[in-house]
Number of protein chains: 2
Amino acid sequence: MVVNGHASTLDEVARLAGVSKATASRAINGRSKVSAKAQAAVLDAVRQLGYAPNGAARSLVTQRTGSVAVILPESDERVFSDPFFARMLHSVARSLRERNLQLVLLLAQPGDEDRLLLYLRGRYVDGAIVASHHRDDRLAEHLSDLGLPCVFIGAPWIGAERVPVVDSDNAGAAAAAARVLVDGGRRRIATIAGPRDMRAGHDRLVGWRQVLDAAGLDSSLVAYGDFTEHSGTTACAELLDAAGDIDGIFAASDLMALGAMRELEARSIRVPDDVAIVGYDDLGVAERTQPPLTTLRNPIDQMVTEAVRLLTESIDQGGRGAPRRVVFVPELVRRDTA
Amino acid sequence: MVVNGHASTLDEVARLAGVSKATASRAINGRSKVSAKAQAAVLDAVRQLGYAPNGAARSLVTQRTGSVAVILPESDERVFSDPFFARMLHSVARSLRERNLQLVLLLAQPGDEDRLLLYLRGRYVDGAIVASHHRDDRLAEHLSDLGLPCVFIGAPWIGAERVPVVDSDNAGAAAAAARVLVDGGRRRIATIAGPRDMRAGHDRLVGWRQVLDAAGLDSSLVAYGDFTEHSGTTACAELLDAAGDIDGIFAASDLMALGAMRELEARSIRVPDDVAIVGYDDLGVAERTQPPLTTLRNPIDQMVTEAVRLLTESIDQGGRGAPRRVVFVPELVRRDTA
DNA sequence: TTGAAAGCGTTACCAT
DNA sequence: ATGGTAACGCTTTCAA
């Protein structure tokens with residue numbers, strides 16, 4: 001394809017096609033009127049030379065790169081173990097494909113923020129979707145300062161009012177979960193909460209506590225995990241050791257619920273007979289637990305679709321537009337654990 | 001930071017600092033002689049304006065983007081469930097950071113090859129590392145045609161001779177695993193193999209078979225999985241149903257070994273007393289199984305370090321340089337399952 | 001419909 | 001050490 005190691009330029013294409021650079025450009029981008037003859041000649045030359053437009057040159061004039069970043073300010077361990085991210089990225093990739101945008105995944109490790117910011121300031125991407133981040137990261141402020149179109153999936157702790165946010169009602173959903181347990185007659189209801197420094201972790205804990213308090217039940221049976229299966233097992237053991245009479249558990253992720261169920265099984269505690277469980281996410285694991293898990297469906301696809309819509313809108317408007325906020329409500333999926 | 005929505009340019013920095021664009025550029029990039037006074041003035045202006053160089057403009061002249069792609073031609077389900085990728089990316093990120101390169105992750109879905117190629121041809125990245133790919137993808141040929149510096153981690157099926165490859169000796173390691181079982185006195189040795197259309201899957205099966213054949217043992221006890229835990233469980237059940245007298249299993253991934261152990265436990269078959277097991281990977285899971293898993297350590301860090309070294313070398317040489325091939329040998333890690 | 005030419009924002013060469 | 005200026009490869013006026 002490539003003639004001799006050096007990528008071909010529009011100039012060469014034009015020359016080979018016997019037209020000007022301008023016409024060649026028009027033929028390639030196909031927005032403008034070009035005679036059928038010129039069109040064919042150019043396309044032919046493109047094929048012969050294996051030509052592809054130089055991205056830098058094109059971006060320089062169009063102010064567009066045709067790519068969008070997904071930023072994950074998260075340890076790669078979690079990124080690559082939590083089904084949440086797999087589902088989210090899958091969904092993002094699909095949405096972007098429809099709009100002919102290239103997905104660029106940026107793993108934002110704690111220490112590496114400077115290079116990330118430099119990259120974004122360098123306008124290597126047209127916009128960014130930020131997902132799941134911790135209490136202390138100031139990405140929202142930075143992106144807002146930067147003027148780079150962005151959308152946050154899940155509200156950031158800091159600077160949430162300055163950026164568009166697509167969120168789900170974590171507290172409301174957790175409350176629904178707690179209500180399932182309370183209405184099911186459970187009285188010693190514990191929770192395996194997510195990390196305290198993450199919105200989802202925090203809000204789900206709050207929602208659970210509210211319902212328990214309102215029902216006059218003890219809301220002190222709390223153990224913390226990090227959304228992983230293993231942490232669910234540990235947390236469950238902790239809870240059981242502290243209070244042997246627990247009869248209901250709300251786990252802030254299905255993975256933690258699964259871990260908890262393993263611990264319960266190890267102790268020969270029956271689910272849901274002895275202990276009822278409600279999880280959170282419904283990304284596949286919940287259907288496959290034994291017995292199948294009652295859970296709240298995290299509306300990831302909806303959030304992503306909306307996020308991409310908002311982002312492209314913002315990109316098209318050149319980054320202007322007021323920071324909007326859209327919230328989706330997780331749906332209760334009743335199966336057999338509660 | 002940004003004055004008014006529009007990113008500032010070098011021109012503005014220069015004007016504010018009272019120097020020429022040339023000097024401003026030199027001060028910012030810091031390779032060339034600049035008076036301390038000018039240096040300070042420029043840096044100050046940069047800070048005041050929140051200036052960052054426009055990537056496109058810079059790339060256009062330097063022919064460098066400062067970023068490197070990691071291409072994963074793999075379903076996102078596997079990318080986000082197999083610890084192999086987590087470890088690899090972690091390692092890549094570390095190596096690139098040392099060299100001040102930005103990691104750009106490109107998920108190459110089957111249908112999406114065209115856009116990926118367009119992106120690469122557009123020179124949005126300086127080079128690419130390709131990891132784990134299937135029999136039918138022609139990425140190696142394409143990248144070789146393209147002239148983009150690249151390194152493959154794991155040999156591709158097609159075009160392996162045309163690109164630099166960093167690999168591990170899958171067949172040799174699998175042979176070592178089989179030998180552990182044979183030498184341990186096992187006579188009915190099965191394998192849970194990886195996907196037939198992946199090099200790692202194929203080669204590990206070959207290595208295992210070679211040793212069994214050489215020992216005069218039946219090498220037909222094969223079930224296929226896809227490296228996931230779940231597939232390991234299924235495959236193990238399959239094997240057990242087909243041959244009840246199995247006394248040794250080589251699983252082509254620790255995850256599949258774990259799945260197999262769950263099935264064995266469900267059937268009250270003891271490990272290693274009744275059935276010995278050897279896994280593959282040693283990325284954390286192996287230490288935590290019950291009992292701890294004997295396995296082969298996939299030399300991911302070594303492969304990645306070498307891959308990044310080769311890649312940056314190739315980038316510095318402008319993509320020239322003969323396609324090299326480096327192979328690392330996995331180490332046997334003996335624990336308690338065999 | 002087409003072509004010439006003016007940028008886009010940098011870096012790098014060449015004088016000074 | 002510094003400034004003017006020519007690239008880099010493309011898109012997009014503006015005339016023709």
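Numbers restart at 1 for each chain; the letters A, B, ... are given by sequence-line order, proteins then strands. What you see below is based on every heavy atom in this structure, not just the backbone, and it leaves out hydrogens, waters and symmetry mates.
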When the distance from [atom1] of [X] to [atom2] of [N] is rounded to whole Å, what number comes out?
{"X": "B:K21", "N": "C:dC8", "atom1": "NZ", "atom2": "C1'", "answer": "11 Å"}
{"X": "B:R58", "N": "D:dC8", "atom1": "CZ", "atom2": "P", "answer": "19 Å"}
{"X": "B:R26", "N": "C:dA12", "atom1": "CZ", "atom2": "C1'", "answer": "9 Å"}
{"X": "B:R123", "N": "D:dC8", "atom1": "CZ", "atom2": "P", "answer": "16 Å"}
{"X": "A:R31", "N": "C:dT1", "atom1": "CZ", "atom2": "P", "answer": "17 Å"}
{"X": "A:L60", "N": "D:dC10", "atom1": "CG", "atom2": "C1'", "answer": "8 Å"}
{"X": "A:D11", "N": "D:dG9", "atom1": "CG", "atom2": "C1'", "answer": "8 Å"}
{"X": "A:Q63", "N": "C:dC8", "atom1": "CD", "atom2": "P", "answer": "9 Å"}

N or O in side chain of [X] less than 4.0 angstrom from [N] OP1/OP2:
{"X": "A:N29", "N": "D:dT11", "answer": "yes"}
{"X": "B:T23", "N": "D:dG3", "answer": "yes"}
{"X": "A:S35", "N": "C:dT1", "answer": "no"}
{"X": "A:S20", "N": "C:dG3", "answer": "yes"}
{"X": "B:T62", "N": "C:dT11", "answer": "no"}

Which of these, B:V125, B:L107, B:L120, sits in a side-chain contact (heavy atoms from CB on, under 4.5 Å) with B:I71?
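Exactly one option meets the side-chain contact (heavy atoms from CB on, under 4.5 Å) with B:I71, and it is B:L120.
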Candidate nucleotides [options], ranked by approach to the side chain of [X] - the nearest:
{"X": "B:L10", "options": "D:dT2, C:dT11, D:dC10", "result": "C:dT11"}
{"X": "B:A57", "options": "C:dG9, C:dG3, C:dG7", "result": "C:dG9"}
{"X": "B:K33", "options": "D:dC8, D:dA1, D:dG3", "result": "D:dA1"}

Heavy-atom closest pair, residues [X] and [Y]:
{"X": "B:L106", "Y": "B:A69", "value": "CD2-CB, 3.7 Å"}
{"X": "A:A307", "Y": "A:V151", "value": "O-CG2, 3.6 Å"}
{"X": "A:V304", "Y": "A:M88", "value": "CG2-CG, 3.6 Å"}
{"X": "A:L116", "Y": "A:A108", "value": "CD2-CB, 3.8 Å"}

Select from A:V19 and B:P53 the residue whose nearest nucleotide in DNA chain C is closer to the 5' end of that strand.
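The answer here is A:V19.
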Look at all strands and tell whether A:A56 reaches a base, only sugar-phosphate, or nothing, counting heavy atoms closer than 4.0 Å.
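Touches nothing.
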So which one's nearest nucleotide on DNA chain D is more toward 5', A:Y51 or B:A22?
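By nearest-heavy-atom nucleotide position, the 5'-most residue is B:A22.
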